[in-house]
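Each ligand, and each atom within it, is numbered from 1 in the order the structure gives. We're numbering straight along the sequence, starting at 1.
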Amino acid sequence: MAQVLESYVGLQWGDEGKGKLIDEAVERARAENPGKRTVVVRYQGGANAGHSVYVRNEEGKLVKFVTHVSPSGLTNGADVAIGPQVAFNPIAFAEELESGKKLFGYDGRVLISERTGILMDYHKKIDRWYEEQSGDNAAVGSTKQGIGPFYMDNARRTTRLTVFEWASKRFSEKLRFILEQKKPELEAAGIWYPNYLEELIAQHDQARKTLACKVERLEYRIREYLERGDNILIEGGQGTGLDVDMGTIPDQTSSHLLAPHAFPGLGLPRREFRIIGVEKVYPSRVGKGHMPTLDIGEFGNSIVEEAGEFGATTKRRRRVGYPDWLYVKRSAMLNDCDSVIITRADNLQNRDVKACIAYQLEDGMQITEVPLILDGVRPVYLKKMFEWNLWDGPRDLSKPEDVDAALRIHRQEYVSKGFDSLPEDLRRYVEEHDSFVGVRTIGVSIGPARGETVWRK
Ligand code: IMP
Ligand code: MG
């Protein structure tokens with residue numbers, strides 16, 4: 001019996017499969033630490049995140065459930081908590097809780113930090129307006145969930161709206177004050193109109209009623225979980241390459257998403273936790289922005305189609321590249337990773353897989369550090385290629401629910417036989433990856449559903 005204290009963070013540009021792994025971790029935590037509660041905490045970002053989790057319904061059929069605000073523990077009946085650094089859209093959150101209740105009778109405990117900032121309708125509208133202003137070329141291609149404008153307001157004393165104020169009687173008075181501060185900007189963007197304040201207040205009516213009782217002094221409540229021996233799983237949104245300071249500037253998101261950043265905000269001790277970096281075997285990226293190993297040829301395009309690489313939030317087609325060990329090595333360092341889990345190994349079957357181990361600058365110089373400016377940087381690959389074949393079967397994996405039945409047997413066989421039963425080239429890939437990146441891979445995910453991860457001793 002052991003308390004499970006883990007933090008999951010993406011090592012690339014998001015969509016590495018954290019949602020699925022946390023969903024699995026909840027199950028594991030329950031088995032390893034029976035009789036205890038499990039809470040999953042979201043600590044940054046907002047509805048720009050999209051976690052797709054495949055869960056089996058009563059008939060054993062795979063159904064897709066997407067969350068944007070809630071941590072993925074929702075799909076598993078775990079308790080869920082929203083930390084103070086989140087860009088919190090309470091209306092979207094209340095809807096997710098509601099559909100969790102309807103779909104699978106969710107009845108976990110919900111905790112929201114009283115300090116968390118509220119993301120309002122005008123943040124989304126300003127986000128959209130900024131992008132229209134900057135024109136196609138300069139536009140980051142944000143998720144238009146208001147994340148950038150939110151964090152700007154949240155950092156400013158006069159425009160920050162905390163969950164505590166939002167849930168209290170002071171809400172309308174505070175919002176009136178904030179709108180006065182923001183009026184020039186809202187007018188310029190064509191957002192302001194005479195009844196705007198009243199409409200905003202009405203929009204929040206229902207969510208305030210349902211969520212007010214869940215507002216907590218979170219740092220103390222989470223500490224109680226720790227001290228009772230309960231399980232705590234911390235869930236990062238996005239991926240290291242999108243971090244506001246350490247990502248690929250200027251095409252990054254607006255939050256501090258590195259795993260160590262969560263601890264001070266939650267009042268939890270880093271030393272008690274295992275930080276797990278989640279790495280998709282090939283990187284992907286939505287929107288504009290550098291990805292040094294991007295492939296716009298057969299490799300990248302076929303993966304997009306076969307693996308269904310379209311955004312959970314924006315539905316945009318993702319861009320895909322070859323494995324970039326150099327980038328991942330830096331991400332693992334920044335996040336202070338204790339271990340790595342590699343996901344989607346099934347999607348790279350029967351292909352020549354090459355791994356980037358250095359970058360070449362425009363002047364021909366080769367470097368083994370990730371520079372700030374990635375313009376013109378070209379990947380240098382390990383000479384050796386890898387090719388693995390896990391099973392013969394349908395290659396089009398874009399609709400996991402359809403191919404699930406055919407492949408489930410193969411997947412379960414690997415899961416039960418363990419890491420050593422995987423194809424030799426995949427094992428070699430993992431070993432060489434680990435010696436380059438400097439962190440040990442503890443699991444390889446070979447399917448989209450819960451329980452389809454092969455663990456390594
Ligand atoms: P924002 O976070 O909406 O401001 O978007 C900034 C950039 O980060 C855009 O290129 C987005 O597509 C990207 N991004 C934001 N959140 C995610 C995510 O959860 N997964 C993948 N990309 C994301
Ligand atoms: Mg996502």
Over all atoms of both residues, closest heavy-atom pair of Tyr359 and Val380 |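 In terms of heavy atoms, the two residues are closest at C-CG2, 4.0 Å.
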Would [X] count as a contact of ligand 1 if the rule is a heavy atom under 4.0 Å away?
X	value
Gly237	no
Arg285	no
Gly289	no
Gln252	yes
Gln145	no

Numbered atoms and elements of ligand 1 in range of [X], under 4.0 angstrom, heavy atoms:
X	value
Trp13	21 (C), 22 (N)
Gln238	15 (C), 16 (N), 17 (C), 18 (C), 19 (O)
Val286	10 (O), 12 (O), 21 (C), 22 (N)
Gly141	9 (C), 10 (O), 11 (C), 12 (O)

Is there any N or O on [X] that sits under 3.5 Å from an N or O of ligand 1?
X	result
Thr253	yes
Asn48	yes
Lys288	no
Asp15	yes

Strictly below 4.0 Å, N to O, side chains only: are [X] and [Y] in salt-bridge contact?
X	Y	answer
Arg411	Asp346	yes
Glu309	Arg285	no
Arg274	Glu6	yes
Asp338	Arg270	yes
Glu24	Lys20	yes

Quick one: which of Val41, Val40, Val26, Ile22 gives a side-chain contact (heavy atoms from CB on, under 4.5 Å) with Pro71?
->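 Passing option: Val40.
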Does atom CZ of Phe164 have more than 12 heavy-atom neighbours, drawn from other residues, nucleotides or ligands, at distances under 6.0 Å?
-> no
Show all protein N/O/S atoms under 2.8 Å from the Mg ion (ligand 2), or state that there are none.
->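 Protein N, O or S atoms closer than 2.8 Å to the Mg ion (ligand 2): Asp15 OD1, Gly50 O.
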Strictly distance-based, threshold 3.5 Å: is any side-chain N or O of [X] a donor or acceptor partner for the main-chain N or O of [Y]?
X	Y	result
Arg42	Val69	yes
Thr441	Gly443	no
Arg208	Trp166	yes

Within reach of ligand 1, part of Leu242 (heavy-atom separation under 4.0 Å) = side chain
Please determine, by modelled atom types, if Thr293 and Asp324 share a side-chain donor-acceptor pair under 3.5 angstrom.
-> no
Taking the six-membered ring of Tyr322, is NZ or CZ of Lys354 closer than 6.0 Å to its centre and within 45° of its axis?
-> yes
